[in-house]
There are 2 protein chains.
Amino acid sequence: MAAGLDELAHLAVRHSGTPREMSFTTASTLSRLEHEGARRLTSLAADEGVAQPSMTQLIQRLERQGFVERHRDPDDRRVVWVSISEAGRGLLADRRGSRAARMAELLATLPAQEEAALSAAVLAALPVIRKLAERHPGTGDPPPG
Amino acid sequence: MAAGLDELAHLAVRHSGTPREMSFTTASTLSRLEHEGARRLTSLAADEGVAQPSMTQLIQRLERQGFVERHRDPDDRRVVWVSISEAGRGLLADRRGSRAARMAELLATLPAQEEAALSAAVLAALPVIRKLAERHPGTGDPPPG
DNA sequence: ATGCCTATATAGGCCGCCTATGGGTTTGGC
DNA sequence: GCCAAACCCATAGGCGGCCTATATAGGCAT
């Protein structure tokens, strides 16, 4: 069974489209900024499980591309607050839309019987996999909720 | 249901350990060399879905690290044959061992009922997911068989 | 004021991917 | 036999994404 689970993980990584369009950390950071509002650079780095200079570089790139904004804290001028821009929200929306569309298109190719079987399997597996994921060191912590 | 499948793929990518230890392409290329024997650089690049210079660079690094060997074809001196070394086989064996150990350790934390549910779900999902993966553009083609 | 701590930036290095281009090697038409 | 086209691989140069070590600048406490 472990072999089957391993193969599924393998297929997920191979076909996830990451990092063809955008790296996992980039997407996760943007999504976090959308859901949690303005964040400090260091705490972003900690939550995403990358070193602080890596986050500095990522945010600089996203700022250059117009997807986030940076503001110095007037009360503590060492601190940088990072927030998502309208363009950033648009980027996330586009990504989600195209992902969902591809997924729907793919699922539509399945005969009803197989789709039902897959649906049942996903629903059964999801809570168990979530539990396993909590106990396994990954790349950063998921956003709360 | 698409949302659940998407979440599962997300968790798989997040917790796969790629590319913390070794990139997907690197592992896949080494594994292909192990199973298929000596291969030419260009055909390796095509099968792995990367550009030829990327494969040249990857193979140069793997050769430097001692995991593959390169030989020019005496009958067509343009051609380079790439094969896995003993150290390369050892690397793959170690990786598989540690992956399997982590997976087993993780699964051992589940109550028997949940493990049975997960096992059933995986067995039910696997053939359907395989079918979907064939219809979806990924990073290169899987090795035949 | 001095010296410590904190928050971010910079320097430098490696992997992993790309396009464009260069340099040998065959091959095929003539 | 020769030369051009086709082929295989290497190199150059660039960007994303990650790291450690170190610098810079601001805040804080004695």
Side-chain angles (χ1 to χ4, degrees), chain A residues 13-14 16-30 32 38-83 91 95 137-140, chain B residues 13-14 16-30 32 38-83 91 95 137-140:
Chain A
V13 173
R14 179 191 286 274
S16 65
T18 310
R20 186 143 305 202
E21 25 184 304
M22 180 185 289
S23 83
F24 182 83
T25 300
T26 301
S28 173
T29 300
L30 265 184
R32 187 182 296 274
R39 295 291 313 272
R40 293 181 23 182
L41 239 165
T42 306
S43 68
L44 268 182
D47 285 352
E48 294 295 336
V50 300
Q52 168 261 313
S54 307
M55 187 53 68
T56 290
Q57 192 187 27
L58 169 58
I59 294 303
Q60 284 174 344
R61 184 164 10 94
L62 289 176
E63 184 186 29
R64 188 170 11 102
Q65 295 169 333
F67 298 131
V68 304
E69 294 160 3
R70 288 159 30 108
H71 301 286
R72 289 218 100 93
D73 187 326
D75 292 342
D76 185 342
R77 298 184 42 210
R78 296 169 299 182
V79 170
V80 170
W81 290 94
V82 184
S83 51
L91 180 66
R95 264 178 58 85
T139 303
Chain B
V13 173
R14 180 191 284 276
S16 65
T18 311
R20 188 141 302 205
E21 26 184 302
M22 180 186 287
S23 83
F24 184 82
T25 300
T26 302
S28 173
T29 300
L30 266 184
R32 188 181 297 273
R39 295 291 312 274
R40 293 180 22 183
L41 237 164
T42 304
S43 68
L44 266 183
D47 284 352
E48 295 295 336
V50 300
Q52 168 262 313
S54 307
M55 186 54 68
T56 291
Q57 191 187 26
L58 169 58
I59 294 303
Q60 284 174 343
R61 184 165 10 96
L62 288 176
E63 184 186 27
R64 188 167 15 100
Q65 295 169 333
F67 297 131
V68 305
E69 293 160 3
R70 288 159 28 111
H71 302 286
R72 289 217 99 93
D73 186 326
D75 292 342
D76 184 343
R77 296 183 45 209
R78 296 170 297 182
V79 170
V80 170
W81 291 95
V82 183
S83 51
L91 181 65
R95 263 178 58 85
T139 304

Check ring pair (Phe, Tyr, Trp, His ring centres under 6.0 Å) between F24(B) and all other residues, then give those that pass, not counting sequence neighbours. H10(A)
Between dC18(D), dT20(D), dG16(D), spot the one nearest the side chain of Q65(A), thanks. dG16(D)
Expressed as a whole number of angstroms, how long is the span from R40(A):CZ to dT6(C):P? 11 Å
Among dC18(D), dC9(D), dC17(C), which nucleotide sits nearest the side chain of V50(B)? dC17(C)
Atom pair distance, as rounded to whole Å: CZ in R72(B) and C1' in dG24(C): 8 Å
Of all residues at least two apart in sequence or in a different chain, which pass the salt bridge (Lys or Arg N to Asp or Glu O under 4.0 Å) check with D76(A)? R78(A)
Within the structure, does a side-chain N or O atom of T42(B) lie under 4.0 Å from either OP1 or OP2 of dC7(D)? no
Can you sort out the partners of R39(B) under side-chain hydrogen bond (donor to acceptor under 3.5 Å, both in side chains), two or more places apart, ordered by chain and number? E36(B), S43(B), D47(B)
Looking at dT20(D), dC17(C), dC9(D), which one has an atom nearest to any side-chain atom of L41(B)? dC9(D)
Of the nucleotides dC18(D), dC17(C), dA10(D), which has the atom closest to the S54(B) side chain? dC17(C)
Need one value for Q57(A): base, sugar-phosphate or nothing, where a base atom within 4.0 Å counts as base even if backbone is also close, heavy atoms only. base
Salt bridge (Lys or Arg N to Asp or Glu O under 4.0 Å) with E63(A): which residues, sequence neighbours excluded? R70(A)
Donor-acceptor pairs under 3.5 angstrom involving side-chain atoms of residues 48-55 of chain B: please list them, not counting sequence neighbours.
{"residue": "E48(B)", "atom": "OE1", "partner": "S28(B)", "partner atom": "OG", "Å": "2.8"}
{"residue": "E48(B)", "atom": "OE2", "partner": "S28(B)", "partner atom": "OG", "Å": "3.0"}
{"residue": "E48(B)", "atom": "OE2", "partner": "R32(B)", "partner atom": "NE", "Å": "2.7"}
{"residue": "E48(B)", "atom": "OE2", "partner": "R32(B)", "partner atom": "NH2", "Å": "3.4"}
{"residue": "Q52(B)", "atom": "NE2", "partner": "T56(B)", "partner atom": "OG1", "Å": "3.1"}

Rounded off to whole Å, could you give me the CD1-to-C1' distance for the I59(B) and dG16(C) pair? 13 Å
In 5'-to-3' order, the base (B), backbone-only (S) or no-contact (-) status of each nucleotide in nucleotides 22-30 of chain D, using a 4.0 angstrom heavy-atom cut-off, is ----BS---
Earlier contact from the 5' end, DNA chain D, for G49(A) and V79(B): V79(B)
CD of E21(B) versus P of dC19(D): gap in Å, rounded? 15 Å
Length of the CE-P vector between M22(B) and dC15(C), whole Å: 12 Å
Quickly work out the W81(B) CH2 to dC8(D) P distance and round it to whole Å. 11 Å
Check: R72(B) and V80(B) side chains under 4.5 Å, non-hydrogen atoms: yes
Figure out the CE/P separation between M55(A) and dG16(D), and round it to whole Å. 16 Å
Can a side chain N or O of R70(A) be found less than 4.0 Å away from OP1 or OP2 on dA7(C)? no
Without decimals, in angstroms, what is the distance between E48(B) CD and dG16(C) P? 12 Å
Here the pair of heavy atoms bringing I59(A) nearest to V68(A) is O-CG2, 3.8 Å
